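Here the structure is a predicted model, which is why all the values come from computation and not from measurement. Chain identifiers are assigned alphabetically (A, B, ...) following the order of the sequence lines, protein sequences preceding nucleic acid strands; residue numbering begins at 1 within each chain.
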2 protein chains.
Amino acid sequence: MTAIPEEPAWRQRAVERSTRAAKQRAEQRVQRFLDAAQELIAEKGTTDFTVQEVVDRSKQSLRSFYQHFDGKHELLLALFEDALSTSAVEIREATSGAGEPLPRLRIAVEMLFEQSLPNPGVQRPLFSDFALQLLVKHPAQVATAHLPLLTLFTELLEQAAEAGSIHADKPRRLAALVMQTVMFAAQANGVPSDSHAHPVTADEVWQFCLGGISGA
Amino acid sequence: MTAIPEEPAWRQRAVERSTRAAKQRAEQRVQRFLDAAQELIAEKGTTDFTVQEVVDRSKQSLRSFYQHFDGKHELLLALFEDALSTSAVEIREATSGAGEPLPRLRIAVEMLFEQSLPNPGVQRPLFSDFALQLLVKHPAQVATAHLPLLTLFTELLEQAAEAGSIHADKPRRLAALVMQTVMFAAQANGVPSDSHAHPVTADEVWQFCLGGISGA
DNA sequence: ATGCGGGTGAGAATAACATTCTCATTCCAT
DNA sequence: ATGGAATGAGAATGTTATTCTCACCCGCAT
């Protein structure tokens, strides 16, 4: 449609070359923002730091921040996706060793549970804090961010189903259910006031999910 | 300790009498705020109305609003507790008729699922929208608000356990798990973008929970 | 009647933030 | 070296919640 054959290849290459450096610099700046935000999250335990704080800590400027991010929301989203994606990688590694499908699934569930716990000291508040805000306002982006984990769990369920360990009609939906159950159960934990009432353990969650995926 | 016998009973009664009217007026005002907020929630489908809007609609004043509520948060909390409490009553009624414990539990699960869906037109956004914010910032209050439902589900589980339909070691924790699973599964639904991916149905959720509570 | 006190209305003032804007400066590919 | 893009510094704007000021009204004890 808008193809312009006159556009010589060399020009594209030139532009590309001159662009590459700029892109690198931009990525560095973005990374500095991301790092600063991580630190703040780790320190404060929540995601309600100020954009100004991020800017100050990264020794850059508001101007620059908004040049690289659409807003605080985009920054958090980037961190969130990254965290979930990393988590998926970790769990995948831990479950990639040989072994029966069901025990591997169990490991996955328990890892996800622990990583979703409120404050194991690290920058995990992303799982809880921001995830929930996002769930309300931008569910589509949550779906995207969940994708790596969802894929992983779907695979594990399919493998278990092939091995005949469980019944898995619609592995994808089941995977989604399991993930939600695990993550929110963890979320609702570690809270002083209601922990006396129902401090669910990783094992209980696993038993529950196991029953759920095994079929009644 | 600070008992003052000189305080004549008639004075107390007099004060009480003169107080009663004031209290009534206060309750009326509070109710007007609550009603106005309900309307706004129903209309806008979210809880991010302005305090000013509530004030305007209820034809009162900011001054008065903060006289009766500690803040917007308290207002939402009141509505939230009310909604969950009402929901518990409805579900309890629907499941109080005679019948096997398990089918009754199923009804409860399906009702809760439907009531937790994003926007069935009514003022249900409280379940999703505000509940999640609350879960992050004030988990204790969430626990309180959940209590009526938690009690109901615990009872249903216990009855099913007595009838031998399921294994229920720790009914309270199981009840909490079931509630969370159901409510969040519903929450993650009804969203255009990820509904193509995993539009979980009430029945699927029930099957999952049934498996979970039946034991592996 | 009168004056007192608490609740009320109207709306300005404050406070925290996110986001945008201005302008001067710096950086960089040509 | 130079023009255009990126950046820094920080002021300006906009939105909300929350608080404050002041005038008013109403019930009631003297």
Set of ring pair (Phe, Tyr, Trp, His ring centres under 6.0 Å) partners for [X], sequence neighbours left out:
X       : answer
F184(A) : F184(B)
F153(B) : none
Y66(B)  : none
H68(A)  : none

Is any side-chain nitrogen or oxygen of [X] closer than 4.0 Å to OP1 or OP2 of [N]?
X      : N       : result
R29(A) : dC27(C) : no
Y66(B) : dT19(D) : no
H68(A) : dT7(D)  : yes
R25(B) : dG6(C)  : no

Between F80(A) and H146(A), what is the ring plane arrangement, given parallel below 30°, perpendicular above 60°, and tilted in between?
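Geometry flag for H146(A) against F80(A): tilted rings.
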
Value in whole Å for how far the [atom2] atom of [N] lies from [atom1] of [X]:
X       : N       : atom1 : atom2 : value
F69(A)  : dT20(C) : CZ    : P     : 15 Å
D70(B)  : dT19(D) : CG    : P     : 8 Å
E74(A)  : dT19(C) : CD    : P     : 10 Å
L75(B)  : dT16(D) : CG    : C1'   : 15 Å
Q133(B) : dT16(D) : CD    : C1'   : 14 Å

Among dC28(C), dA17(D), dG7(C), the one nearest Q67(B) by side-chain distance:
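Looking only at side-chain atoms, Q67(B) lies closest to dG7(C).
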
What residues form a salt bridge (charged side-chain N to carboxylate O under 4.0 Å, His left out) with E74(A), not counting sequence neighbours?
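In terms of salt bridge (charged side-chain N to carboxylate O under 4.0 Å, His left out), with neighbours along the sequence ignored, E74(A) is linked to no residue.
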
In residues 56-65 of chain B, what residues come within less than 4.0 Å of DNA chain D, judged by heavy atoms?
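By residue number: L62(B), R63(B).
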
